[in-house]
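Right, one structure below, let's go through it.
Fair warning: this is a prediction, and the values are worked out from it, not measured in the lab.
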Amino acid sequence: MNSVEIMSAKEARELLNNNGIEFLKKYSKTINGAIKRSASSGHRSMKICFFENTPNSVLNNLKEIGYECYITTQYNERHKQDIYALHMDW
């Protein structure tokens, strides 16, 4: 029989936050650059695509600072994998 490890709520939050931190370490410059380019062009929204899903903690942080955002997923035939699109409005 397989054993199941149960996490406390605190451990689960820390794991989610760590995933968000790792994601932001990799992509914060990309996201900030895309926001600046879109905003300076007069746009009030943008879409940026990644090969990995955006953690919920990142979405929650973006919402807390005033962005409306959500994720969509689409399959990319060329890369043979899902592409995750972060949609942001401000």
Side-chain angles (χ1 to χ4, degrees):
M1 179 185 266
N2 293 336
S3 66
V4 176
E5 184 178 332
I6 298 175
M7 277 188 226
S8 70
K10 181 181 177 186
E11 290 171 323
R13 278 192 304 276
E14 286 175 1
L15 180 62
L16 285 173
N17 286 336
N18 289 340
N19 288 343
I21 290 167
E22 291 304 313
F23 184 87
L24 288 174
K25 281 181 185 176
K26 287 170 70 174
Y27 298 115
S28 63
K29 288 181 182 178
T30 302
I31 294 170
N32 286 334
I35 291 170
K36 287 178 184 175
R37 284 190 302 278
S38 294
S40 67
S41 299
H43 299 287
R44 303 285 300 155
S45 64
M46 67 167 214
K47 176 177 105 171
I48 186 168
C49 296
F50 302 99
F51 287 114
E52 59 185 285
N53 198 2
T54 306
N56 285 333
S57 59
V58 172
L59 288 178
N60 292 337
N61 288 338
L62 289 169
K63 289 176 182 178
E64 281 181 23
I65 59 174
Y67 294 103
E68 293 292 326
C69 51
Y70 60 95
I71 300 289
T72 58
T73 306
Q74 61 190 45
Y75 184 75
N76 185 295
E77 277 294 326
R78 191 175 98 199
H79 294 288
K80 304 290 187 220
Q81 72 179 74
D82 284 335
I83 303 293
Y84 301 91
L86 170 62
H87 301 265
M88 295 178 63
D89 299 322
W90 53 86

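Rounding to the nearest 0.5 Å places OG1 of Thr54 at 11.5 Å from CG of Asn60. Atoms CD1 and CE, from Ile71 and Met88 in turn, are 10.0 Å apart once rounded to the nearest 0.5 Å. Atom CD1 of Ile31 and atom CZ of Phe23 lie 5.0 Å apart (nearest 0.5 Å). Taken to the nearest 0.5 Å, the CH2 atom of Trp90 stands 8.0 Å off from the CZ atom of Arg44.
Taking hydrophobic clusters as Ile, Leu, Val, Met, Phe, Trp and Tyr residues chained together by side-chain heavy-atom distances below 4.5 Å, Phe50 does not share a cluster with Ile83. A continuous path of hydrophobic side-chain contacts links Leu86 to Tyr67 [ILVMFWY only; heavy atoms under 4.5 Å]. Tyr84 and Tyr75 are assigned to two separate hydrophobic clusters, defined by single-linkage of ILVMFWY side chains at heavy-atom distances under 4.5 Å. Residues Phe51 and Leu59 fall into different hydrophobic clusters, defined by Ile, Leu, Val, Met, Phe, Trp and Tyr side chains chained together at heavy-atom separations under 4.5 Å.
Taking a 6.0 Å sphere around CD of Glu52, one finds it holds more than 12 heavy atoms contributed by other residues, nucleotides or ligands. Shown here is Lys63, whose NZ atom has more than 12 heavy atoms of other residues, nucleotides or ligands within 6.0 Å.
Here the shortest heavy-atom pairing between Ser57 and Gly20 reads OG-CA, 3.4 Å. Here the closest heavy-atom approach between residue Met46 and residue Ser38 is recorded as CB-OG, 3.4 Å.
Note on ring orientation: taking the six-membered ring where Trp is involved, the planes of His87 and Tyr70 are parallel (angle under 30°, cut-offs 30° and 60°).
For the pair Ser40 (side chain) and Arg37 (backbone), a donor-acceptor distance under 3.5 Å is present.
For the side-chain contact (heavy atoms from CB on, under 4.5 Å) with Cys69, the qualifying choice from Val58, Leu62, Asp89 is Leu62, the only one to do so.
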